[in-house]
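Here is how names work: the chains are called A, B, and so on, in the same order as the sequence lines, proteins then strands, and each is numbered from 1. Note that this is a predicted model, so its numbers are computed, not measured.
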Amino acid sequence: MTPRDVLLEILSEPLPSGCVRPAAEQLKRLAAEGFSAQGVACGRIETFGTCRRLALYVTGVPPGPAAKALSKLLPGVLGRLELPGALAWEPSGFLFPRPVRGLAALHGDRLIPFTAAGLSCGRVTDGHEALGPRRLKLASAEKYFKTLEHGSVLVRDSDRLDAMRGALASASRRMKLGIEAHEETLHRNLYLAEYPVPVVAGFSQDFLRLPAERLRAALRELAFFPVSDDDGRLQPYFAAFRDGISRGQRNVEDGFRAALEAGLPAA
Amino acid sequence: MDLQDIIFKLDRYWTRQGCALLPPGGAAGPNFAGPLCLAGAACRKGLPSDGLAGLYRYRVLLRPAPAAARKLFLDCLRAAGLDRAEHDLRWLAFEDGRGPGWVVLLDGSPLGRFTYLPAVKGFAAEMELGLERLALVSQKKRAISELAWSGKLTYGELHEGAGS
């Protein structure tokens, strides 16, 4: 009997962006403790998070009696999460920062049955909200990331970060200008979009008369990226990310520009 | 879509959800603690500050909050003529003392707020939409004064230059 991977996904209403990473780290630590306490042999334990979901992924769990322990182990792990601002949203008393709307748990292609947060585990989840209500069926734990990618969700934090870095680099080549890919701004965007799509827009030249640092601060405040030439002089453009698909780019460009200009003093 | 049509569409949508139409700030005061589903457009004056631009709000109160409250909010935007796929919609979480919620950004600017208010049993969901913002996007206009209120009558004419 081949060992199979284990997936647990908690789908929730949009989480405070600052809480996703600490929550994923805590989930990883509690899962490691849970697997070892229950004596369930496993390979690597990883966790991922987006603004709408936390995912626990454990490789190489052998089938058999130990695997049966999963339907006790996983709710036990969830019950020990202690997240800032967590509230009881339904009568079960499960605490989470925002209401939980779905639970999926699979061992290979088998459902791990349990209930938590007033919900029964299933094998369906939601794709990206911008695509409208679309349920995704998970055939197996191993197919989780691919299935979600088809639903326009990059679950792995590192996939989203790579996608953002790649998009900024190619936009920069296209414009023949530098995009200031500030780490902190990248990390803010990381937990604001399940599928970051690049947006490049311009703003009125007049604002270049403002002190450069004032302009940079205004751009970063909105999680936008300043654009500058080889000598580091700001240009009347910025890069940003929207969440979801790339229809209506023009609407988003105009909107982002208006949001930026509304926050700047008249130059 | 004219601004008044947006209000009609929202009224129709929320009455279909079983809401009683009542301009916020009207009757049904805080003393009534039973289940309640209220909706209506109102002028901002007299309403608590919500950080949105413009004079008019569409407010909805669902008590208790159904599990689908957020989905209803998204659907009401569609009913008011907004195609979600053509825009960027973000939910920025906040906690303002009354309860946890979100500021909803449409293409980078505040469109509304959604707050879960602790109620006797569970939570109530309170939603606010800035009607001018919705109309600006729906009519693809830049200035509030240019918005069509009804047919040829503009927002600017009705408000003597307000928002220009």
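Atom NZ of B:Lys9 sits in a sparse spot, with 12 or fewer heavy atoms from other residues, nucleotides or ligands closer than 6.0 Å. At most 12 non-hydrogen atoms from other residues, nucleotides or ligands lie less than 6.0 angstrom from CZ of B:Arg12. The neighbour count for B:Arg16 CZ, taken as heavy atoms of other residues, nucleotides or ligands under 6.0 Å away, is above 12. Annotation: B:Glu95, atom CD; neighbour count of heavy atoms from other residues, nucleotides and ligands within 6.0 Å is above 12. The environment of A:Arg250 atom CZ is sparse: at most 12 non-hydrogen atoms of other residues, nucleotides or ligands sit within 6.0 angstrom.
Within residues 185-195 of chain A, the residues approaching chain B closer than 4.5 Å by heavy atoms are, in numerical order, A:Leu192. Proximity to chain B among residues 235-244 of chain A is limited to A:Phe241, A:Arg242, A:Asp243, judged by heavy-atom separations below 4.5 angstrom. Interface residues of residues 83-93 of chain B toward chain A, defined by a heavy-atom distance below 4.5 Å and sorted by number: B:Asp83, B:Arg84, B:Ala85, B:Glu86, B:His87, B:Asp88, B:Arg90, B:Trp91, B:Leu92, B:Ala93.
When all heavy atoms are compared, the tightest approach of A:Arg98 to B:Trp102 is CD-CZ2, 3.3 Å. When all heavy atoms are compared, the tightest approach of B:Pro100 to A:Trp89 is CG-CH2, 3.5 Å. The heavy-atom pair separating A:Gly255 from B:Ser109 by the smallest distance is O-OG, 4.4 Å.
Proximity to chain B is absent for every atom of A:Leu131, based on heavy atoms less than 4.5 angstrom apart. Contact annotation for B:Lys140: only side-chain heavy atoms (C-beta onward) come within less than 4.5 Å of a heavy atom of chain A. Only the backbone of A:Ala88 comes within less than 4.5 Å of a heavy atom of chain B; no side-chain atom from C-beta onward does. Residue contact with chain A, scored on non-hydrogen atoms closer than 4.5 Å, involves the side chain of B:Leu74 exclusively.
By number of non-hydrogen pairs under 4.5 angstrom with chain A, the leading residue of B:Pro118, B:Gly122, B:Gly101 is B:Gly101. Considering only heavy-atom pairs separated by less than 4.5 Å from chain B, the leading option among A:Ala259, A:Ala223, A:Ser246 is A:Ala259.
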A:Glu129/B:Arg70 under side-chain contact (heavy atoms from CB on, under 4.5 Å): CA gap, chis, key distance, verdict: CA-CA 11 Å; A:Glu129 221 165 43; B:Arg70 236 184 103 255; 2.7 Å; yes
Validation: residues 10-20 of chain A side-chain donor-acceptor distances under 3.5 Å, sequence neighbours left out:
from    : atom 1 : to       : atom 2 : distance (Å)
A:Glu13 : OE1    : B:Tyr116 : OH     : 2.7
A:Glu13 : OE2    : A:Arg101 : NE     : 2.7
A:Glu13 : OE2    : A:Arg101 : NH2    : 3.0
A:Glu13 : OE2    : B:Tyr116 : OH     : 3.2

